[in-house]
Amino acid sequence: MQARQAARGMTMIEELTDADIAEVRQSATTFGDVEEATRPLSRFLDFIHAIRWLEPDLTDSERKALDHLLDGVLGDPVKIAAGQVPVGGPAGTRQSAERLLAKARQLAEERRFQHWEVAFPGVWEDWESSRPRGGFDAVIGNPPRDRIKLQEVEWFAARAPEVAKQQRAADRKTMVAALRRKGGDLAADYERAAWMAEAAARVARSSGAFPLLSGGDANLYGLFVERALRLVKPEGIVGLLVPSGIAADKSAAAFFRSVATTGRLAALFDFENRRTRLDLDPFFPDVDSRFMFSALIVGGEARRFDAASCAFFAQSAEEAEAAALTLTPQDFAAVNPNTGTAPVFRSRRDAEITLGVYARVPVLVDHRTTPPARVWPVRYATMFHMTNDSDKFRTEAELVAAGAYRVAPNRWKKGKAEWVPLMVGRSIHIYDHRAAAVAENPQNIHNPFSSEPTTEAQHQDPAYCPRPQFWVETSEIPWPAGLGWALAFRDIARPTDVRTVIAAAVPFAAFGNKLPLLLPDLPLEPKQKGAAHERWRAECDAVLAAYRRGAPLLLANLNALPLDYIARQKVQGTTLNLYIVEQLPILPLDAFARPIGATTAEAVVRDHVLRLSYTAHDLRAFAEDLGHHGPPFPWDAEERLHLRARLDALFFLLYGLDRDAAAHILDTFPIVREEEEKRFGRFRSRDLVLGYMAAFAAGDAESRIAA
């Protein structure tokens, strides 16, 4: 009844024009009446919502008092929560209820809960239903972009920098534990901040109001997106400025698929915060210039659009409008079949090329089938989380102090215990597992270690091993028996990097989570011995043999320019996640049977991958599995340029791309162009690739292009 009366009052306010003083006064008076009418309901909802936050920490007596309060045993719960009447009932129960009410009121005052239907009663209809019908005609906004989880480094950086500067998360956790034992104001503030973050995340996940965007390491903007779509009318429209991850991140995939592949997406305009092309200040000066954000425009649950207007990497509204292209729900489903996330097409030509490739080539793992269809029998694996597993990492100084001694450039030993390098994303580059050592920068809280690129002279030494940040004991490393090497790719994919997909063959070592592996998909060992165990052993041998044959081909595919070009249509952030890799178009084994003169594509690829990868002694196992038993191949920059150009040319042909498409793709790699124009005076890779494409198409696999 109060809600219906308040709704009528709000309708009166909306109808007033405030054209004169009398109407202004009437609006103010009526609004005051609306607030008065809805205050008890609002206070009661404050209490109910606060209980969701407090519930895990309630005592038994408080839970009993809560039951009595909500059942009406202690009086009218709405009036009690609003403070209009005192709590009744037995003294013990009454005292527990009063404590509970005090906690809830304090939390509600601190968090300032918003109850939309009560605050805007005139916007909804049919107040007898569990969810009032109606809503806003349009919802627009610029939500906050903060992770709900407490960010310890940032929190302590302003309060206790000595904690924030710890290299290992394990050391930071030790200091935080000591701080909590000691107590004091800082410890109390930390406890409260941590509790608030944990409670907010729990309530968001369990409330049912945010089913698609509250999972994992949730961000506030995602909750605002889901709330906006609940607030808008079924035929209404929502327009929000949100991080571009809303359209590309795995955590947002279920949401974006629900709007993009059903026709609810009206527009997605993606912007770079920095505006280098227009020589203007960033859109948001206080935000990292690399930040990407999007104008997301979505219809209510009953509104549909034939196609969405999309633009990516725009630096102004005018540029977005001029570059906009249309994508249908079917386009979203074709390019990212598993997730329905948005491709990042910069032009209609990019869309045509990419959609054409997906029409011809399967994705690495297609989850639309049961079981998922896999082009190659490999499994994705990460070994060590750089934060959670940091207690297993040892510095060189710690090894020396423990009495360990170096027995090889990349191995320490003490008795039977041995330690090998912890390789991370910066450790590798394309066909290069020795790309960089670690340089220490202790003054940088967020990135105390940076890359120290391997020099040409160091690359030419087959015994050289870059210095790692940490070492890991070999007994801690999960590694497939019978395999001396594996495929690895960088999880980091920054816009400023030369390439998006960077992969290499790597020797036995430890690997951080930013350097995932693609390992043979070995069957589980049976518990019983005898015939079952023999069959398992034979299956393992077959899987390893298939891996030794196929992994070099997969490595070349991952490092191929046309694949990288397509990967860039998918990555909007700085991470090459598994769900992106699984949706890349990967050539199957039979595609490599294509004849090239007197040889085959497979023979060319295996030879070139061997020569590009085997430049150091520690990859001898890789070379031997490819049938090479000689010394490592010399590191020769000119020869490597030709070998990579030949592989790129071959993959353009295998992907069904002609010379015009290849030329367009090559022109989309400006960093490579700029580096080569500075070094050679022209874009040599482009000329070499196009030249080798012509040679291969003519059946010539032997000639060397003079470019």
Between H608 and R646, do the side chains contain an N or O donor and an N or O acceptor separated by less than 3.5 Å? yes
With a 3.5 Å cut-off and sequence neighbours excluded, list the donor-acceptor pairs that the side chains of residues 595-602 form with protein atoms.
residue	atom	partner	partner atom	Å
T600	OG1	A603	N	3.2
E602	OE1	R549	NH2	3.0
E602	OE2	R549	NE	2.9

Only pairs at least two apart or in different chains count here, so list each salt bridge (charged side-chain N to carboxylate O under 4.0 Å, His left out) that has a residue in residues 305-322. R277-E319
Got P516 and L578 here, is their nearest side-chain heavy-atom distance under 4.5 Å? no
So, Y380 and D521: side-chain donor and acceptor under 3.5 Å apart, yes or no? no
Whether R275 engages the ring of F283 as a cation-pi pair (distance to the six-membered ring centre under 6.0 angstrom, angle to the ring normal within 45°) should be assessed. yes
Passing candidate, ring pair (Phe, Tyr, Trp, His ring centres under 6.0 Å) with H459, options Y464, F633, W635: W635
Is it true that D667 and R673 have a side-chain N and a carboxylate O under 4.0 angstrom from each other? yes
Strictly by modelled atom types, are S244 and S294 linked by a side-chain donor-acceptor pair under 3.5 Å? yes
Please determine, by modelled atom types, if H628 and E624 share a side-chain donor-acceptor pair under 3.5 angstrom. no
Are any side-chain N or O atoms of D249 and backbone N or O atoms of S251, one a donor and one an acceptor, separated by less than 3.5 Å? no
Within the 3.5 Å criterion, strictly below it, is a donor on Y547 or D625 matched to an acceptor on the partner's side chain? no
Is the terminal nitrogen or CZ of R684 (NZ for Lys, CZ for Arg) located under 6.0 angstrom from the six-membered ring centre of F680 and within 45° of that ring's axis? yes
When every non-hydrogen atom of V344 is compared with those of R568, the smallest separation belongs to CB-O, 4.0 Å
Who passes side-chain contact (heavy atoms from CB on, under 4.5 Å) against R644, sequence neighbours left out? I430, Y431, R499, L612
Can you tell whether the side chains of D636 and R640 come within less than 4.0 Å, N to carboxylate O? no
